[in-house]
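Lettering of chains follows the sequences in order, A, B, ..., and the numbering in each one begins at 1.
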Amino acid sequence: MKHKFKNSSTGDKLFVILVYVFLIAVFLIILYPLIYIVSASFSDSQAVISGQVKLLPVDVTLKGYKAVFKNHKIITGFGNSIFYMVVGTILNLIMTVLCAYPLSRKEFVHRNKIAALFVFTMYFSGGMVPTYMVVSNLNLINSRWAMIIPSAMSTYNMIIARTYMVNSIPDELYEAAQMDGCTPFKYLIRVIVPLSKPILAVLTLYYGVSRWNSYFDAMLYLNDQSKQPLTIVLKEILIQNQIDYTMLTDVGAAAELQGMTELLKYSTIVVASVPVLIIYPFVQKYFVKGVMIGAVKG
Amino acid sequence: MKKDKIKVYTPNKKNKIKSANWQFWVIIALPLIYAIVFAYIPMAGILMAFEDYSPRKGFFGSDWVGLKYFKQFLTTKSSMNIIKNTFILGAYNLLVNFPIPIILAVALNEVGSQKFKKSVQMVTYAPYFISIVVLVGMMMQMMDQRTGIINVLLSSIGIDPINFFGNPKIFRHLYVWSNLWQQAGYSAIIYIAALAGVSPELKEAAVMDGASRLKRIIHVDIPCILPTIIIMLILQCGNIVNIGFDKVYLMQNSLNADVSEVISTYVYKVGIVSGNFGFSTAAGLFQSLVSFVLLVIVNQVSKKVAETSLW
């Protein structure tokens, strides 16, 4: 497929060089902010605000991280986020399988109509206020369940799961199981769930990331500070600049205080992104796979 | 024993299908209830847009006002500005964030070294996992007028510091190009997958005919992945007015409000914060309708012109 660079014409050589230049530029533009944030979070606060940190950390220190872990709000938010992510993702997976499996079976007589009912919700919705009213009428406002139940399933992910079940689990299995007296319930537990492990891995990643990163539901439905996820705490610290200065106790002068504030922000960014970025390299291949399965449907 | 079973089951195939069918209904019951409660009941709640909703009188008891809120939304000067902002931001976003991932995918497909390709992919996907709050926080840190690294670097080459978040002229560029930074890699995956499916024979034939690399891309690769491109385009056109609330809301401040207020942030402020349910539902419905109609139109056009469509 790939032709030897040496044998190509001058035009082609120039073209290949341009391609590499373009990709290296993309690579650097995307990588630089990531490296900078991490470097800044490990640097001395004065070096950060005076702009001495350009690529690598200057005067390495863990002060920023110490401040982060002394901040009760961040710790509570972190715990809440983990709770919402774990419980929410488990519910997401259960709902997705319960929905995708019947819709993948041709024995289910009304599957096309039901599928259309779900697909329609992808393109049209009641909107923010009517949804809020429903959640409020269910008495979910300011309850932890408001973070979990209203986003119990994503139709898009359900379709990915269904496509996988249709294409990757042989039809003959169902017939054979049926011959042996296997009911749809048993088939779900004994065949569908074990054979769907690859797609469940993909969906765990999708759902987990979106749960970890969500902040809008919390803004709409939660008032109680003790229930807020990390994203809301981050919004207060990073965007609204509300920092509890009593947490930065060992800081004296005003200039130093400002430096610590900035350092705290950089460290918070890193702490908030670490759980997702740590698992990322391990699940990268699943992540790509999911996009491709989703694309098959297109 | 086994023989017996077969004898019992085969003649009653119809019954068995029936019994399987109710079991499927039981299995799907929970997701179905979920869809009804959290998608279809809110759709019925759209009726609030046509009534003077008061929590005391309730959904059924409130006074009917017809199209009053729509007229109000579509005639005031400030809402016209909001609708305009929504369209401009959405269109600009589409213009940048639709073609560039395709270019990225095509470029990656031209790379011979797998190692290089893998590292570029690895880095370009990563920002997709960063939450929007963190992304906006990063931007604010790095673009701070005094301490941000970007202004530090700019001043070292003699450019005056720029107040990125305070300048309404910069808001749209910030929004669109930071989207690109975050999503380009992820959006490219689908095209990379499609390009992997281009038949090698076609390319070989093009080489035999003496086509240059660029010509091979234009005449072989692009036509092969065109169906994928069109499907993505249809979906994204439907989303032009569906500007995500999340990011715009975080990037807003009093200085850029004039260009940064879009329908969804407006609905939030008027509806949830100020409790003007009827009016904000009308504004939200306007947005849903426009995006749905856009999707249907683009889909029909593409069905006629390119013979590719969503349904």
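With a threshold of 4.5 angstrom between heavy atoms, B/V133 approaches chain A through its backbone and through its side chain. Contact annotation for B/I36: neither backbone nor side-chain heavy atoms come within less than 4.5 Å of a heavy atom of chain A. Looking at A/R111, there are no atoms closer than 4.5 Å to chain B (heavy atoms on both sides), in backbone or side chain. Using a 4.5 Å cut-off between heavy atoms, A/L205 contacts chain B through its side chain alone, with no backbone atom that close. Contacts of B/M140 with chain A are made by side-chain atoms alone, with heavy-atom separations under 4.5 Å and no backbone atom involved. Contacts of B/M138 with chain A are made by both backbone and side-chain atoms, with heavy-atom separations under 4.5 Å. Residue B/I46 touches chain A through both its backbone and its side chain, counting heavy-atom pairs closer than 4.5 Å. Proximity to chain A is absent for every atom of B/S155, based on heavy atoms less than 4.5 angstrom apart. Of the atoms belonging to B/V273, not a single heavy atom falls under 4.5 Å from chain A. Residue contact with chain B, scored on non-hydrogen atoms closer than 4.5 Å, is absent for A/V97. No part of B/F165 comes within reach of chain A, as not one of its non-hydrogen atoms sits under 4.5 angstrom from that chain.
Proximity of B/L153 to A/K54: side-chain heavy atoms (C-beta onward) are separated by under 4.5 Å at one or more points. Between B/V111 and A/V19, some side-chain heavy-atom pair lies under the 4.5 Å cut-off.
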* Evaluate the side-chain contact (heavy atoms from CB on, under 4.5 Å) criterion for residues A/F15 and B/I217: first the C-alpha distance (whole Å), next the side-chain angles of each, then the deciding distance (0.1 Å), finally the verdict. => CA-CA 11 Å; A/F15 183 71; B/I217 291 172; 3.4 Å; yes
* Between A/F22 and B/E110, is a side-chain contact (heavy atoms from CB on, under 4.5 Å) present by the stated rule, with each step listed? -> CA-CA 12 Å; A/F22 169 71; B/E110 290 299 307; over 6 Å; no
* To do: List the steps and the verdict of side-chain contact (heavy atoms from CB on, under 4.5 Å) for B/M142 and A/I37.
  => CA-CA 8 Å; B/M142 298 181 71; A/I37 295 283; 4.1 Å; yes
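B/F24 and A/Y174 have parallel rings, their planes meeting at less than 30° on a 0 to 90° scale where 60° marks the start of perpendicular. Ring pair A/F120/B/Y40 is parallel by interplanar angle, where below 30° counts as parallel and above 60° as perpendicular.
Using a 4.0 Å cut-off between charged side-chain N and carboxylate O, A/D12 and B/R216 make a salt bridge.
Of the residues listed (A/V276, A/I269, A/T268), the one engaging B/V134 in a side chain to side chain contact (heavy atoms under 4.5 Å, CB included) is A/I269, and it is the only one.
Residues passing the side chain to side chain donor-acceptor pair (under 3.5 Å) test with A/T155, sequence neighbours excluded: A/T121.
Aromatic rings of B/F116 and A/Y20 (six-membered ring for Trp) have centroids within the 6.0 Å cut-off, being under it.
For A/N213 (side chain) and B/F129 (main-chain N/O), a donor-acceptor pair under 3.5 Å exists by modelled atom type.
In this structure, A/K113 places its NZ atom where only 12 or fewer heavy-atom neighbours from other residues, nucleotides or ligands lie under 6.0 Å away.
With rounding to the nearest 0.5 angstrom, the CD atom of B/Q287 is 8.0 Å from the CE atom of A/M128.
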